[in-house]
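What's counted below: heavy atoms across the whole structure, side chains too, no hydrogens, waters or symmetry copies.
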Amino acid sequence: MLIENFGPKIATQDIALVEAELGVVLPDSYRRFLLQYNGGSPTPDTIDVPGANGSPTDVQVFFGIGRTSESSGLAWNLALIRRRCSGIHVLPVACDSGGNLFCFEIEHGVALKVIYCALDDPDCVTYEVAASFDEFIVKIRPFEQ
């Protein structure tokens, strides 16, 4: 997978600060992704979301730390989902071009599987996409017509 429009270089200390601020432990694979790319747009970008209307969808952008576009940042998207879907414990890591979010489900302060949060649904319905961040990355594929 090719990542374009990636963010500024960050250090492990930057990630540790975010983890402390958010009260969450990120998976090692996601930490490595942040250190290498700090967000960005993937090619290919198509992913299946089992059970969701409009599936497959795209992964428009991965969020990062200190990105020039505020809406591409982890903190901004966390505030968004807390306003829109207050009953779920997640950390957004990417979005599709419809504004729906791919998130880590958080249990006991640990980021686990990746879920899709349908923000266009008034009930904030969620769908499991992958058991881990590594599996999520592997599931991103070229669009097939």
Over 60° means perpendicular and under 30° means parallel, so tell me whether [X] and [Y] are parallel, tilted or perpendicular.
X: Tyr30; Y: Phe104; result: perpendicular
X: Phe133; Y: Phe33; result: perpendicular
X: Phe62; Y: Phe136; result: perpendicular

### Task
Could you tell me whether Arg31 and Glu19 have a side-chain N and a carboxylate O separated by less than 4.0 Å?
yes
### Message
What I want to find out is whether Asp45 reaches Arg141 closely enough, with some N-O distance under 4.0 Å, to be called a salt bridge.
### Response
no
Gap separating the [atom1] atom of [X] from the [atom2] atom of [Y], nearest 0.5 angstrom:
X: Ile137; Y: Met1; atom1: CD1; atom2: CE; answer: 3.5 Å
X: Ile10; Y: Asn38; atom1: CD1; atom2: CG; answer: 4.0 Å
X: Ile65; Y: Ser72; atom1: CD1; atom2: OG; answer: 13.0 Å
X: Phe102; Y: Tyr116; atom1: CZ; atom2: OH; answer: 6.0 Å
X: His89; Y: Arg82; atom1: NE2; atom2: CZ; answer: 9.5 Å
X: Cys95; Y: Leu101; atom1: SG; atom2: CG; answer: 6.5 Å

Give the minimum heavy-atom separation between [X] and [Y], together with the two atoms involved.
X: Glu135; Y: Ala130; answer: OE2-CA, 3.5 Å
X: Lys113; Y: Glu128; answer: NZ-OE1, 3.3 Å
X: Phe6; Y: Ile3; answer: CD2-O, 3.6 Å
X: Tyr127; Y: Gly51; answer: CE2-O, 3.4 Å
X: Ser132; Y: Val114; answer: O-CG2, 3.9 Å

Test your reading of the model: is there a side-chain donor-acceptor pair from [X] to the backbone of [Y], 3.5 Å cut-off?
X: Asp48; Y: Pro50; value: no
X: Asn77; Y: Ser71; value: yes
X: Arg67; Y: Leu74; value: no
X: Asp96; Y: Gln60; value: no

### Query
With distance as the sole criterion, is a donor-acceptor pair present between the side chains of Ser55 and Thr57 under 3.5 Å?
no
### Query
For residues Asp58 and Thr46, is any side-chain donor paired with an opposing acceptor at under 3.5 Å?
no
### Query
More than 12 foreign heavy atoms under 6.0 Å from CG of Asp120: is that the case here?
yes
### Task
Start with the C-alpha gap between Leu35 and Thr12, add the side-chain angles, then the distance that decides, and say whether side-chain contact (heavy atoms from CB on, under 4.5 Å) holds.
CA-CA 7 Å; Leu35 289 170; Thr12 55; 3.7 Å; yes
### Message
Go through it in stages, so that I can follow the logic: the residues are Leu80 and Leu119, the test is side-chain contact (heavy atoms from CB on, under 4.5 Å), and I'd like the CA-CA distance, side-chain angles, deciding distance and then a yes or no.
### Response
CA-CA 10 Å; Leu80 170 69; Leu119 297 186; 4.0 Å; yes
### Task
Identify whether Leu78 and Leu112 are in the same connected component of the hydrophobic contact network (ILVMFWY, side-chain heavy atoms under 4.5 Å).
no
### Message
Hydrophobic clustering (ILVMFWY, side-chain heavy atoms < 4.5 Å, transitive) - are Trp76 and Val18 grouped together?
### Response
yes
### Query
Should Cys103 and Cys117 be marked as a disulfide (SG to SG under 2.5 Å) after you check the CA-CA gap, both sets of side-chain angles, and the distance that decides it?
CA-CA 7 Å; Cys103 304; Cys117 299; 3.5 Å; no
### Task
Could you please spell out the steps behind the side-chain contact (heavy atoms from CB on, under 4.5 Å) verdict for Ile81 and Ile88?
CA-CA 9 Å; Ile81 200 156; Ile88 60 175; 4.1 Å; yes
### 4.5 Å side-chain heavy-atom contact, Ile15 and Leu26
yes
